[in-house]
Amino acid sequence: MTLTIQHLYYLVGIILAITAVLTVRDATNPRRYSSGLFWAIYAVVFLVGDKLDPVIVGVMAVAMAVIAGFKGVAGGKHQPRTDAQYLESAKRLGNKLFVPALAIPLITMIGTLSGKYLVVGGTPLLDPKNTTLVSLGVGCVIALGLACSMTRETPAQGIRESWRLTDALGWALVLPQMLGMLGLVFSEAGVGKAVAHVTTEYINMDVKFIAVAVYVIGMALFTIIMGNGFAAFPVMTGGVGVPVLVHHFGGDPAVMAAVGMLSGYCGTLMTPMAANFNLVPAALLEIDKNAVIRAQIPTALLLLTCNVFLLYFLMFHK
Amino acid sequence: MLTDVNLWPLIGVAIIIVGFVLRFNPMLVVVVTAIGTAFAAGFPVEKVLAAIGTGFVKTRNLPLIILLPLAVIGLLERHGLRQHAQRWISSIQSATAGRLLIVYLAARQLTAAIGLTSLGGHPQMVRPLLAPMAEGATENRFGRLPAKVREKLRAFSAATDNVGLFFGEDIFVAFGAIVLMTTFLKEAGIEVEPIHVALWGIPTAICAFLIHAVRLYRLDAALAADIEKARQSGELGRESAGAAQNNTAQQGA
């Protein structure tokens, strides 16, 4: 049997369904019914989302946004352990605590690298299209086993801890997926074409340096809007990169592409649209939601400036 | 030049910028933007909802990387992982937050460059290990930390993971972005070798390391100044660092 990403969707769906039940039963949660409904809908999306009519999933996504938008998602009061208890087990377990934590990336890495050799009777063990994510899933399950045997806890306690952290993250957990959805709607609606049209129509591209700057800064700006350098790349490269930098000025396309994509990544560092990298870590670390972006903006702007000059001088290296 | 490009979907860009600037709830902003953009493109109601639904199902892989490690990390935190990470770094006398993060930046960038992008990440590495270590190293030198300094350390830990990953992975030739770039150029009639695209990512990667490492190098001095200022204003007297941290760890986001 091949372990596929679909199995991970079922696993996450079950975890979210338990989260929904625990939330509804949590008397310390001031919004336990609306929060429970939010997680229940999300569980359904993972369990049977691909079998439902897209219109129904669309209604469910809108419903989730409405619940979150009107402050319907809250967390309960989870009783923390005392400082002494934390220190006691930290002392008792010591460096062993690092083992399950580091096992996750290690197993993910091993799975990713060896995925194509793990074949039994012609059937791959890990979904070849999603080796990394499936390996991550395997790594997390093995690490949970390690953590349970080490701390003498049950997997059920692990699920309760997962619920505690899910409660703390709240709707921020769903935001990356919402933004990913928006990116797909944008491209279906032709937003990229419209932006490329406006950029090329109204800016004077006859000066080489201006053209380079427009491409580099445009990649960053468009990534800030779309939240993803992959979405910005075809638009800016099709609109400015290929016709102006390569065909008109004769630049090296490999340099243009490499520096262009990395300029897009500078945009990723500066935008809330890249929720997975900027907003979710802020929620995970319990700090202001823009704190990570604020820490990254100086690096991003300095690097973007470097990129303008790197592209300008390296593009004509021949 | 007359074209048949429909400019109305650009209204989506305007909605999302206004929504974020006015700090409306991001989930609502995103959904309203999706609906507005799809309407502007001339989709009927049913197609609008279907576009949202299809997109939402297609992107189910995005939250996996956050959701899957939560049970393990939560369980280890319950047994003092953060406290142990702090104690462990305290035993290294020369460790400062800046130096620790520079080492992590280099390691993250180099491992990503050889394709090991999963050796890091916010739920598995930054929350349970890197951020507590940065805090522990700083506490070791200065004692109790004001909340502002704690926030700065955590933000810089997350930022360092991002910078290292982004400007490392593009050098790896089998990475998705390289495939995307060469495929796109091929469709535009330009043949480039993936290895060339990967190699020309190196100058930017070096610049990224230098810029961010210099900022991290200066972070230690900035933290010292912040802590000194907080001491003078008497802010530190009122809060106990350990208790403050455990409280925030339990609060909702």
Side-chain angles (χ1 to χ4, degrees), chain A residues 12 49 54-55 57-58 61 65 68-69 75 80 86 89-90 97 104-105 108-109 140 143-144 147 151 158 161-162 165 168 170-171 176-178 180-182 184-185 189-191 194 197 225 242 253-255 257-258 262 265 277 281 283-287 291-292 295-296 299 302-303 306 310, chain B residues 5 7 9-10 13 25 27-28 30-31 34 37 41 49-57 59 62 67-72 74-75 79-81 83-84 116 118-119 122 124 127 151 154-156 158-159 162 166 177 181 188 190 192 196-197 200-201 203-204 207-208 211-212 248 250 252-253:
Chain A
V12 165
V55 176
V57 183
Y86 282 121
S89 53
L97 279 166
I104 300 176
T108 312
M109 189 189 85
C140 289
L144 184 63
T151 59
E161 297 300 323
S162 165
L165 292 173
W171 52 260
Q177 198 180 342
M178 282 281 176
M181 173 277 289
L182 181 62
L184 294 177
V185 172
V191 173
H197 175 74
I225 293 166
V242 171
V255 182
L262 291 172
Y265 288 9
F277 296 109
L284 267 173
L285 297 168
E286 288 128 8
I287 54 179
V292 179
Q296 287 169 167
T299 300
L302 285 169
L303 188 55
C306 285
L310 283 176
Chain B
V5 175
L7 291 181
L10 286 177
V13 177
N25 178 290
M27 287 270 275
L28 266 187
V30 171
V31 161
T37 310
L49 286 170
I52 292 174
T54 313
F56 202 57
V57 167
T59 50
L62 288 175
L67 266 164
L68 289 169
L70 289 185
V72 181
L75 208 53
H79 287 272
L81 177 60
Q83 286 76 3
H84 181 67
L116 308 179
S118 46
L119 280 182
H122 300 286
Q124 323 87 309
R127 174 176 162 129
E151 170 160 312
R154 292 181 183 181
F156 266 88
N162 283 338
F166 291 3
M181 287 187 258
I190 301 168
V192 288
H196 286 153
V197 179
W200 285 111
T204 301
C207 289
I211 290 169
H212 201 67
T248 49
Q250 300 304 329

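We name chains A, B, ... by the order of the sequence lines, and we start the count at 1 in each one.
- With respect to chain A, the highest number of heavy-atom pairs below 4.5 Å among B/T59, B/L81, B/V31 belongs to B/T59.
- Between chain A and the residues B/N162, B/L67, B/L116, the largest count of heavy-atom pairs under 4.5 Å involves B/N162.
- Both the backbone and the side chain of B/L68 come within contact range of chain A, with heavy atoms under 4.5 Å apart.
- Residue A/V185 comes nearest to B/A34 through the heavy atom pair CG1-O, 3.8 Å, listed as atom of the first residue, atom of the second, then distance.
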Check your understanding: Yes or no on side chain to side chain contact (heavy atoms under 4.5 Å, CB included) for A/M181 and A/M178, after CA distance, side-chain angles and deciding distance?
Key -> CA-CA 5 Å; A/M181 173 277 289; A/M178 282 281 176; 4.0 Å; yes
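- Between B/T54 and A/P54, the shortest heavy-atom contact is OG1-CB, 3.5 Å.
- Interface summary for chain B: among A/T299, A/L182, A/L184, A/I225, the most heavy-atom pairs under 4.5 angstrom belong to A/T299.
- Ranked by non-hydrogen atom pairs under 4.5 Å with chain A, the options B/A41, B/P69, B/A71 are led by B/A71.
- Counting heavy-atom pairs closer than 4.5 Å to chain B, the top residue among A/V255, A/V191, A/I104, A/T108 is A/V255.
- When heavy atoms are compared at a cutoff of 4.5 Å, A/L310 approaches chain B solely by way of its side chain, counted from C-beta outward.
- Considering all non-hydrogen atoms of both residues, A/V292 and A/F277 come closest at CG1-O, 4.2 Å.
- In this structure, the portion of B/V192 lying under 4.5 Å from any heavy atom of chain A is its side chain and not its backbone.
- Looking at B/I190, the atoms closer than 4.5 Å to chain A (heavy atoms on both sides) all sit in the side chain, from C-beta outward.
- Ranking A/T151, A/V242, A/V12 against chain B, the residue ahead of the rest is A/T151, based on heavy-atom pairs under 4.5 Å.
- Nearest heavy atom pair, residue B/G201 against residue A/L262, reads O-CD1, 3.6 Å.
- Between the CZ atom of B/R127 and the CZ atom of B/R154 there is a distance of 8.5 Å, given to the nearest 0.5 Å.
- Among the candidates B/L119, B/L75, B/L7, B/L28, the residue making the largest number of heavy-atom pairs closer than 4.5 Å to chain A is B/L75.
- Taking each heavy atom of B/A158 and A/L285 in turn, the nearest pair found is CB-CD1, 3.9 Å.
- A donor-acceptor distance shorter than 3.5 angstrom exists from the side chain of A/Q177 to the backbone of B/F56, with no hydrogens or angles considered.
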